[in-house]
Structures are given as C-alpha cells and as structure tokens.
*Asks:* 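Below you will find the structure I want to go over with you.
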Amino acid sequence: QVHLVESGGGLVQAGGSLRLSCATSRFTFTYSAMAWFRQAPGREREFVAAVGRIGNTTLYADSVKGRFTISRDNAKNTVYLQLNVLKPEDTAVYYCAARTNIFATARREEYRYWGQGTQVTVSS
C-alpha cells in the first residue's frame, strides 16, 4: 500500500512563507512524478505544481508562478513545496499526489495516490 505523508502546514500572515514536505516509500518515489494540489472550502481541488522524475521538469499553476517552488530529494524520497509571498487566497488544504509515470502533468485524474492533506491558512 502506498502512503504519502504531508507535513509543514500552519497559520501564517500574508507575505509570509511555509515549506510543505511529502514523504513516501522509495519504490513509489523512484518511478513517480509528484505533485501538489489544493482545495479551499466549497471549491474544487486544483493543481498547484508538479515535478517529473527525469530532469526534474516542473509545472506550475499560473496563480502560484514566481511564488511557489516544487522540488524533490530523491535520496530522501521526499517532495517539497516552498510557499513564498503567501496571500489569503492561498488558504486551503494542500495535498501531495503521486503518479505511476515519470512525467509531470497538471491533470488531477492522472494521479493515483494521495496524501491526507495539510492545512495552510494565510491571515490578512
């Protein structure tokens, strides 16, 4: 069974920063593109960022480009999301996801495994 464990969420003021982490098994991580999605109350789960397995190709939602950075540490089987210049509209539960394919994509239905989520709250 595949487990994705997120950490790093919390409460921060607008303009602040957080770093989210997502750890999984070596087997899962070795062959997977990884992504972060988020879901605010009353809204659909939306794509935030993704990173591929080869060459660390990255994709970002327009709303977070220039503020968020996704990265992966293959030695630690962990993917990170650095959130900078946070805005109140970034408030959401952030989910880590793994795809059984080495290429990154923004399509939610392409990700098979999901974590439980970590809450990020940005106060104004």
Side-chain angles (χ1 to χ4, degrees):
Q1 191 170 359
V2 175
H3 292 284
L4 303 176
V5 181
E6 302 107 331
S7 60
L11 172 64
V12 64
Q13 288 188 330
S17 298
L18 285 172
R19 188 175 82 154
L20 308 183
S21 300
C22 172
T24 186
S25 67
R26 184 174 192 84
F27 178 81
T28 299
F29 203 75
T30 298
Y31 300 103
S32 298
M34 304 293 294
W36 290 93
F37 289 75
R38 68 186 181 186
Q39 188 168 16
R43 301 190 65 176
E44 294 285 325
R45 191 171 299 189
E46 66 175 4
F47 172 73
V48 176
V51 58
R53 176 62 182 89
I54 304 298
N56 287 349
T57 304
T58 56
L59 299 173
Y60 293 95
D62 288 343
S63 59
V64 307
K65 279 181 182 176
R67 299 189 299 121
F68 292 6
T69 302
I70 189 170
S71 62
R72 62 189 295 158
D73 185 333
N74 294 330
K76 296 182 178 180
N77 304 322
T78 300
V79 63
Y80 303 98
L81 186 67
Q82 178 67 40
L83 295 72
N84 295 330
V85 195
L86 281 160
K87 305 175 181 179
E89 52 263 43
D90 294 319
T91 295
V93 177
Y94 283 71
Y95 296 91
C96 175
R99 182 187 188 208
T100 54
N101 187 292
I102 62 173
F103 298 106
T105 178
R107 298 181 62 183
R108 185 176 65 183
E109 61 270 25
E110 296 288 339
Y111 290 87
R112 181 176 181 181
Y113 303 108
W114 294 83
Q116 293 299 307
T118 185
Q119 176 71 46
V120 171
T121 303
V122 185
S123 63
S124 57

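What's counted below: heavy atoms across the whole structure, side chains too, no hydrogens, waters or symmetry copies. By convention here, the first residue in the shown sequence is residue 1.
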*Asks:* Does the pair Val93 and Thr118 meet the rule for a side-chain contact (heavy atoms from CB on, under 4.5 Å), with working shown?
*Replies:* CA-CA 5 Å; Val93 177; Thr118 185; 6.0 Å; no

*Asks:* Is there a side-chain contact between Tyr94 and Leu81 (heavy atoms, below 4.5 Å)?
*Replies:* yes

*Asks:* Which pairs, with at least one residue in residues 21-92 and sequence neighbours excluded, count as a disulfide (SG to SG under 2.5 Å)?
*Replies:* Cys22-Cys96

*Asks:* Please list, chain by chain and in numerical order, all residues satisfying ring-ring contact (aromatic ring centres under 6.0 Å, His included) with Tyr113, sequence neighbours excluded.
*Replies:* none

*Asks:* Restricting to pairs with a member in residues 27-74, which pass disulfide (SG to SG under 2.5 Å), not counting sequence neighbours?
*Replies:* none

*Asks:* Suppose we screen for side chain to side chain contact (heavy atoms under 4.5 Å, CB included). Which residues come up paired with Tyr31, at least two apart in sequence or across chains?
*Replies:* Phe27

*Asks:* In the hydrophobic cluster built from side-chain contacts under 4.5 Å, what are the other members alongside Val5?
*Replies:* none

*Asks:* Just to verify, what does Arg67 make a salt bridge (Lys or Arg N to Asp or Glu O under 4.0 Å) with, not counting sequence neighbours?
*Replies:* Asp90

*Asks:* What heavy-atom pair brings Asn101 and Phe103 nearest, and what distance separates the two atoms?
*Replies:* OD1-N, 2.8 Å

*Asks:* List the atom pairs, with distances to 0.1 Å, where a side-chain N or O of residues 8-21 and a protein N or O form a donor-acceptor pair under 3.5 Å, not counting sequence neighbours.
*Replies:*
unit_1, atom_1, unit_2, atom_2, d
Ser17, OG, Asn84, OD1, 2.9

*Asks:* Only pairs at least two apart or in different chains count here, so list each side-chain hydrogen bond (donor to acceptor under 3.5 Å, both in side chains) that has a residue in residues 40-51.
*Replies:* Arg38-Glu46, Gln39-Arg45

*Asks:* Indicate if Val64 and Val120 have the same hydrophobic cluster label, given that clusters are the connected sets of ILVMFWY residues with side-chain heavy-atom separations under 4.5 angstrom.
*Replies:* yes

*Asks:* Does Thr121 have any side chain to side chain donor-acceptor pair (under 3.5 Å) partners at least two apart in sequence or in another chain, and if so, which?
*Replies:* Gln119

*Asks:* I'd like to check the ring-ring contact (aromatic ring centres under 6.0 Å, His included) partners of Phe37; sequence neighbours left out, ordered by chain and number.
*Replies:* Phe47, Tyr111, Trp114

*Asks:* Search all heavy atoms of Ala98 against all heavy atoms of Leu4 and return the closest pair with its distance.
*Replies:* N-CD1, 3.8 Å

*Asks:* Disulfide (SG to SG under 2.5 Å): which pairs involve residues 24-67, sequence neighbours left out?
*Replies:* none

*Asks:* If you measure from CZ on Arg99 to CZ on Arg108, what distance do you get to the nearest 0.5 Å?
*Replies:* 15.0 Å

*Asks:* Please answer whether the main-chain N or O of Val122 pairs with a side-chain N or O of Thr91 as donor and acceptor at a distance below 3.5 Å.
*Replies:* yes

*Asks:* Can you tell me how far apart CD1 (Ile102) and CE (Met34) are? Round to the nearest 0.5 Å.
*Replies:* 14.5 Å

*Asks:* What side-chain donor-acceptor pairs closer than 3.5 Å can you find for residues 68-75, not counting sequence neighbours?
*Replies:*
unit_1, atom_1, unit_2, atom_2, d
Arg72, NE, Asn74, OD1, 3.0
Arg72, NH1, Ser32, O, 2.9
Arg72, NH1, Gly52, O, 3.2
Arg72, NH2, Phe29, O, 2.9
Arg72, NH2, Ser32, O, 3.1
Asp73, OD1, Ala75, N, 3.0
Asp73, OD1, Lys76, N, 3.3

